[in-house]
Amino acid sequence: MEKLVITGPTPLKGEIFVSGAKNSAVAILPATLLIDGICTIKNLPNISDVRITCEILEGLGAKINWIDKNTIEVDTRDINNTIAPIDLTRKFRASYYLIGSMLGRKKEIEVGLPGGCNLGARPIDQHIKGFEALGAKVEIISGNVCARAEKLIGNTVYMDMVSVGATINIMLAGVLAEGTTIIDNAAKEPHIVDIANFLNTMGADIRGAGTDTIKINGVTKLKGGQTYSVVPDQIEAGTFMLGAVASRGDLIIKNCVPEHLECITAKILEIGGNVEINGDSIHVWCDTKPNKANVKTLPYPGFPTDLQPQIGVVLSLADGTSIINESIWESRFQYTNELNKMGAKITAQGKSAIFEGVDNLYGASVYSTDLRAGAALIIAGVCATGTTEIYNLHHIDRGYENIEEKFRLLGANIERIIE
Ligand code: EPZ
């Protein structure tokens, strides 16, 4: 069994380079199935979700050539199978993007019901609603999603709630559909724009991504033949920004998109941290105890739920009592039990939690319950006095490339041990 061993406290100092966005890469890879050609994708984060997706694409007939650890060439001219490797598709959430892509390309697909972080109920009713609006038939049979269509015809889909996954999946299904598809009340996250830009580079006709109305004019074929670079990861950049504040450190976060981080910057200024933007770099430093603050997670451009556990660590060390309201996921406070083992004073109830700030955290053996909770525990371990051991690293490796190396570059005393 692997664990991370961290000895603290250490103020994080130095420069860090942000990788490509996980939540963009795991959608762009299935989107290549819409291309009857070859394309090259750069700035891919080398994480397990990406590697598994590549295996799945090969199972459907794609040929993948790794040019280096973050660049691949994908040849999807010969997609000859419409049943995805079921076990692999159950390992993570974004496997549901195979449905939109393969309905568009081959008019049929069978995948396992998607897995991913246990954050409470994660239905896909909005995805199915969208596919059915374009004329597909979707059934859940023995735990698999089976979707097929004679043909896809563009239609207007109004989303009952803002959903990143459903917005992207309907966009994928609309690219090769006859006529125009309109998605109303669409999600606006940076990765939605990145996927639309990728598809447009390959020959699609998508307009309005990043707004709450997206229009997809169907085209007959995507020929590819282009190179695309994945957008820097907003959530990884935010993780290090909050790490700088929690550890009272001083970081320069490079290769990020400051506009994508405006709400995190605003919250850091509110709690007494400092932020300076310089082109595609952000300088974050904090040399005082953070102020208390209240946070409500919301769809973009609101405070991202995927940074909720990380700011939870900051507020557990703040001056006073703070409240976090989690509006997206039913159970995203599991990490607070682990922080309480480290001396935090957090009371979580359903979709909100009260953080009574303490002066110090102390090392302990803790378990990451999901990807972002794992990142938060690393920050807590860096801030804590003594030695922290973190288990269940498979969660963290799904979404962060070389995370312990990056923290080590910033001065953290951290190592991965195989027991
Ligand atoms: C994406 O999940 C991200 N995952 C999540 O990041 C992120 O937390 C989430 O968006 C919100 O930003 C990927 O991009 C792979 P949603 P997704 O559809 O698409 C409800 C991480 O740590 N809903 O926007 O699954 C749903 O239950 C992960 O990187 C329906 O009810 O999220 C939730 O309450 C964790 N029916 C809300 O909408 C549906 O059909 C938002 O979900 C779809 C969603």
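All ligand and atom numbering here is 1-based and tracks the order in the structure. Side-chain atoms are counted along with the backbone in the values below, which use heavy atoms only and exclude waters and symmetry mates. Note that this is a predicted model, so its numbers are computed, not measured.
One finds a salt bridge joining E404 and R416 here, because a Lys/Arg side-chain nitrogen approaches an Asp/Glu carboxylate oxygen to under 4.0 Å. Salt bridge status for R105 with D36: present, with a side-chain N to carboxylate O gap under 4.0 Å.
Side-chain contact annotation: K91 with S48, donor-acceptor N/O pair under 3.5 Å absent. Side-chain polar atoms of Y335 and Q308 form a donor-acceptor pair below 3.5 angstrom.
Residues I253 and E236 form no side-chain contact, since every pair of their non-hydrogen atoms from C-beta on lies 4.5 Å or further apart.
Among D194, T201, T32, the one residue that satisfies the side chain to side chain donor-acceptor pair (under 3.5 Å) test with Y228 is D194.
When heavy-atom distances to ligand 1 are checked against 4.0 Å, the residues falling inside are K22, N23, R93, Y96, L119, A121, R122, P123, I124, D125, Q126, H127, M161, V162, S163, V164, G165, T305, D306, I328, W329, R332, L371, R372, ordered by chain and number.
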